[in-house]
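The sequence lines fix the lettering, A, B, ..., with proteins before strands; numbering per chain opens at 1. As the structure is a computational prediction, the values presented were derived from the model and not from experiment.
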Number of protein chains: 2
Amino acid sequence: MNIGDVAARAGLPAKTIRYYEDIGLIRPLRSDNGYRAFRESDLHKLAFIGRARGLGFSIEECRRLLALYDDRQRASSDVKALAQTHLTQIAAKITELRAMEATLQTLVSACAGDDRPDCPILTGLAEAKDCCG
Amino acid sequence: MNIGDVAARAGLPAKTIRYYEDIGLIRPLRSDNGYRAFRESDLHKLAFIGRARGLGFSIEECRRLLALYDDRQRASSDVKALAQTHLTQIAAKITELRAMEATLQTLVSACAGDDRPDCPILTGLAEAKDCCG
DNA sequence: CCTAGTCCTTCCCGTAACAGGAAGGTCAAC
DNA sequence: GTTGACCTTCCTGTTACGGGAAGGACTAGG
């Protein structure tokens with residue numbers, strides 16, 4: 001398989017796949033013409049990475065997940081710990097975003113949004129309030 | 001005021017303040033010794049930017065917000081539109097994160113997390129399911 | 001006056017995870 | 001044999017700074 005084929009099948013841009021090879025996530029073979037020659041196992045790994053990335057795992061976390069996946073002796077507790085940590089970070093991010101959303105929604109709701117210059121959003125940003133830490 | 005003073009008062013690292021000058025967000029004066037000489041108005045702007053960043057506005061959005069703040073002729077609708085757009089993006093990000101959270105939570109809950117190798121998290125990532133698009 | 005310590009300056013590299021694009025080799029088809 | 005679609009490497013740019021080096025400036029103490 002050439003890179004275009006795996007890109008289509010894994011749902012990843014060719015650029016991304018080359019990048020993953022650069023950083024050592026995958027190690028495709030090479031054809032005589034210099035083209036990357038992907039095996040089914042490479043495609044499988046790329047799909048795995050793509051799904052992990054889709055769940056918000058960083059590249060380094062993906063690397064660890066792949067290592068655990070390859071390790072038949074792993075303990076599921078190791079995988080679970082990794083996932084749980086990530087889950088906690090996601091929850092924290094959601095909390096942070098919701099706080100932003102609430103504050104901003106308050107400011108936006110207070111703004112007339114007409115052609116006059118008075119704007120509670122701007123004054124809210126200009127004045128130190130309890131709003132933003 | 002030297003940079004250390006504004007940094008303390010605005011709650012921003014000196015590095016960040018220099019960066020903001022680099023990209024033209026602020027234009028402090030210079031003392032004879034070459035030190036940046038900040039006015040109260042510079043401090044005010046920095047605090048404004050700090051709060052806007054705290055609400056998740058990008059640097060370019062902060063630049064526009066500052067321009068609107070400086071423009072006494074602005075229409076509050078312009079400010080509101082900017083904020084509303086950002087609010088929509090925040091909401092979209094929250095939705096995305098919640099989807100990740102739900103999927104990942106399902107996988108984590110299904111994982112025994114013991115010393116055995118069987119792991120639904122890994123198999124979930126390895127198999128194409130409806131889970132991750 | 002000298003020195004130590006704390007401030008300030010500029011400059012350059014590194015981050016995460018790629019995207020865009022240039023310059024050029026390869027291959028399949030007409 | 002010449003398009004056109006593919007592939008290659010390499011280099012730059014992105015966001016919003018942080019770390020740290022090399023060196024000048026200022027303050028307090030002896």
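- Ion pairing between a basic and an acidic side chain is recognised when a charged N comes within 4.0 Å of a carboxylate O; B:Lys45 and B:Asp70 show such pairing.
- Rounded to an integer number of Å, the gap from B:Leu29 CG to C:dT9 P is 13 Å.
- At least one donor-acceptor pair under 3.5 Å links the side chain of A:Arg74 to the backbone N or O of A:Leu68.
- Considering only side-chain N and O atoms, A:Arg18 lies under 4.0 angstrom from the phosphate OP1 or OP2 of D:dT8.
- Between the CG atom of A:Asp32 and the P atom of D:dC7 there is a distance of 17 Å, rounded to whole Å.
- To the nearest angstrom, P of C:dA17 lies 8 Å from CD1 of A:Ile23.
- Rounded to 10°, the helix from C:dC1-D:dG30 to C:dC30-D:dG1 has 30° between the axis fitted to its first five pairs and the one fitted to its last five.
- Within 4.0 Å of B:Ile3, counting heavy atoms only, lie sugar-phosphate atoms of the nucleic acid but no base atom.
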- [ ] Classify every nucleotide of nucleotides 18-26 of chain C by which part a protein heavy atom approaches to under 4.0 Å, writing B for the base, S for the sugar-phosphate alone and - for neither, in 5'-to-3' order.
- [x] BSBB---BB
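- Distance, A:Glu60 CD to C:dA17 P: 8 Å, rounded to whole Å.
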Open item on the list: Working note: A:Arg30 + A:Glu21, criterion salt bridge (charged side-chain N to carboxylate O under 4.0 Å, His left out); need CA distance, chi angles, decisive distance, verdict.
Closed with: CA-CA 12 Å; A:Arg30 292 286 176 150; A:Glu21 185 191 9; 3.4 Å; yes
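- Between A:Arg36 and D:dT9 there is a side-chain polar atom (N or O) within less than 4.0 angstrom of OP1 or OP2.
- A donor-acceptor contact shorter than 3.5 Å is absent between the side chain of B:Ser31 and the backbone of B:Gly34.
- Between the P atom of D:dA16 and the CD1 atom of B:Ile17 lies a distance of 17 Å, rounded to the nearest Å.
- The shortest distance between side-chain heavy atoms of B:Ser76 and A:Asp118 does not fall below 4.5 Å.
- Looking at B:Arg51, its side chain does come within 3.5 Å of a backbone N or O of A:Leu125 through a donor-acceptor pair.
- Counting heavy atoms of neighbouring residues, nucleotides and ligands inside a 6.0 Å radius, atom CZ of A:Arg116 does not exceed 12 of them.
- Between A:Arg30 and D:dT9 there is a side-chain polar atom (N or O) within less than 4.0 angstrom of OP1 or OP2.
- Computed from coordinates, the A:Ile26 CD1 to C:dA17 P distance equals 16 Å when rounded to whole Å.
- Legend: side-chain hydrogen bond (donor to acceptor under 3.5 Å, both in side chains) pairs involving residues 80-98 of chain B, not counting sequence neighbours: none detected.
- One interatomic measurement links the two molecules: CG of A:Asp5 to P of D:dA5, which rounds to 16 Å at whole-angstrom precision.
- In this structure, the side chain of A:Arg36 does not engage the main chain of A:Ile17 through any donor-acceptor pair within 3.5 Å.
- If you measure from atom CD1 of B:Ile49 to atom P of D:dA16, you get 12 Å, rounded to the nearest angstrom.
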